[in-house]
2 protein chains.
Amino acid sequence: MCYALAVEALQALADPTRRELIGLLAGGERTAGELAARFPVSRPAISRHLRVLRESGLVSVRADGRERHYALDPEPLRRLDEWLEPYRDLWAQRLDALETEIARGRRARTRREPT
Amino acid sequence: MCYALAVEALQALADPTRRELIGLLAGGERTAGELAARFPVSRPAISRHLRVLRESGLVSVRADGRERHYALDPEPLRRLDEWLEPYRDLWAQRLDALETEIARGRRARTRREPT
DNA sequence: GTGATGCGTAACTCATGTGTTACGCATTAG
DNA sequence: CTAATGCGTAACACATGAGTTACGCATCAC
């Protein structure tokens, strides 16, 4: 019943830059500098983003000389996945309803956002 | 490659009150008043949260007289689920690594948050 | 030792977000 | 018609967040 804590990471994932960092780290360990070089913002800004990700448990750091190697920790994502689970039924249901409509011969338009 | 857009809803889900609203709506349609009554904040505050959820596609509204019935739309959650997919391998890998450790006879502590 | 490099933190500014109260508008009750 | 109800919006206050530059502190190169 600790759903609130289980999805603390959502706050961290709300920022697009941080999601991109996560995406980069999914490819393997990177140093702070390597990561910062990929973004149009200043290095301290990335440093702060990395701190947020660290504090929410999404990444871990390994000091190596004067370099800091960041790595993705998938645990919070796994928990998010778990949090999502009760909702899976809902879209399954919806798909079922859709299939029913199709079975009835109705025209089933797939909803697609215009923008 | 439109991952950024696919997870727009993360911004909406970052707020705990909105997540709770989502949770309530998972149980079925509710009116704005019914929802607002459940929270310690003012009704206009909830109204604004509902607006955010509406704009991110997480809920839909149906006007019925002077009542507004809100319902959960699971589509953005489904997309979030999709976004999560590439990362599933990561925690699967980690579990594999863990099993390997166990097979080696090492002590494998399950990580558990103290709070 | 001395200077360059890698990276985090501090201090500050500006934009955004979340809460409040006051209000308006439509709908139902009498 | 008149009053009450349900709910959204406007206007404002305050907290939070993300960016910047300046700085400090290790570590590596020489």
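What you see is a predicted model, and the numbers here were worked out from it, not measured in a lab. Letters A, B, ... are given to chains in the order of the sequence lines, protein chains preceding strands, and every chain is numbered from 1.
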Mind calculating the distance between [atom1] ([X]) and [atom2] ([N]) to the nearest angstrom?
X: B:L13; N: C:dG17; atom1: CG; atom2: C1'; result: 16 Å
X: A:R51; N: C:dG8; atom1: CZ; atom2: P; result: 10 Å
X: A:E67; N: C:dT5; atom1: CD; atom2: C1'; result: 10 Å
X: B:D64; N: D:dT5; atom1: CG; atom2: P; result: 19 Å
X: A:H69; N: D:dT27; atom1: NE2; atom2: P; result: 14 Å
X: B:E20; N: C:dT18; atom1: CD; atom2: P; result: 15 Å
X: A:L53; N: D:dA18; atom1: CG; atom2: P; result: 10 Å
X: A:E55; N: D:dG17; atom1: CD; atom2: P; result: 11 Å

Polar side-chain contact [X]-[N] base: donor and acceptor under 3.5 Å:
X: B:R66; N: D:dT5; answer: yes
X: B:R43; N: D:dG8; answer: yes
X: A:R48; N: C:dG8; answer: no

Quick note, A:P44 side chain, CB onward, closest among C:dT5, D:dT9, C:dA10 is C:dA10
Base, sugar-phosphate alone, or nothing: which one does [X] contact when heavy atoms must sit under 4.0 Å apart?
X: B:A32; value: sugar-phosphate
X: B:R18; value: sugar-phosphate
X: A:Y70; value: sugar-phosphate

For C:dG17, does OP1 or OP2 lie under 4.0 Å from any side-chain N or O of B:H49? no
(message) With a cut-off of less than 4.0 Å, is there a side-chain N or O of A:S42 near OP1 or OP2 of D:dT20?
(response)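 Checking D:dT20 against A:S42, a side-chain N or O does come within under 4.0 Å of OP1 or OP2.
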Comparing A:I46 with B:R68, nearest DNA chain D nucleotide closer to 5' gives the residue B:R68
Where each residue is assigned the nucleotide of DNA chain D containing its nearest heavy atom, which of A:T17 and B:T31 is assigned the position nearer the 5′ end?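 Upstream on the strand: B:T31.
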**B:E34/B:Y70 under side-chain contact (heavy atoms from CB on, under 4.5 Å): CA gap, chis, key distance, verdict** = CA-CA 10 Å; B:E34 285 170 346; B:Y70 284 86; over 6 Å; no
Is B:D81 close to A:Y87 at the side-chain level, that is, under 4.5 Å between some pair of heavy atoms?
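Heavy-atom side-chain distance check fails, nothing below 4.5 Å.
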Can you find a pair of side-chain heavy atoms, one from B:W83 and one from A:R19, that are under 4.5 Å apart?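 Result yes, sub-4.5 Å side-chain heavy-atom pair found.
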Would A:E82 and A:R79 pass as an ion pair if we require N to O under 4.0 Å?
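Answer for the salt bridge query: no.
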Step through the shown structure and confirm whether more than 12 heavy atoms of other residues, nucleotides or ligands are within 6.0 Å of CZ on A:R38. no
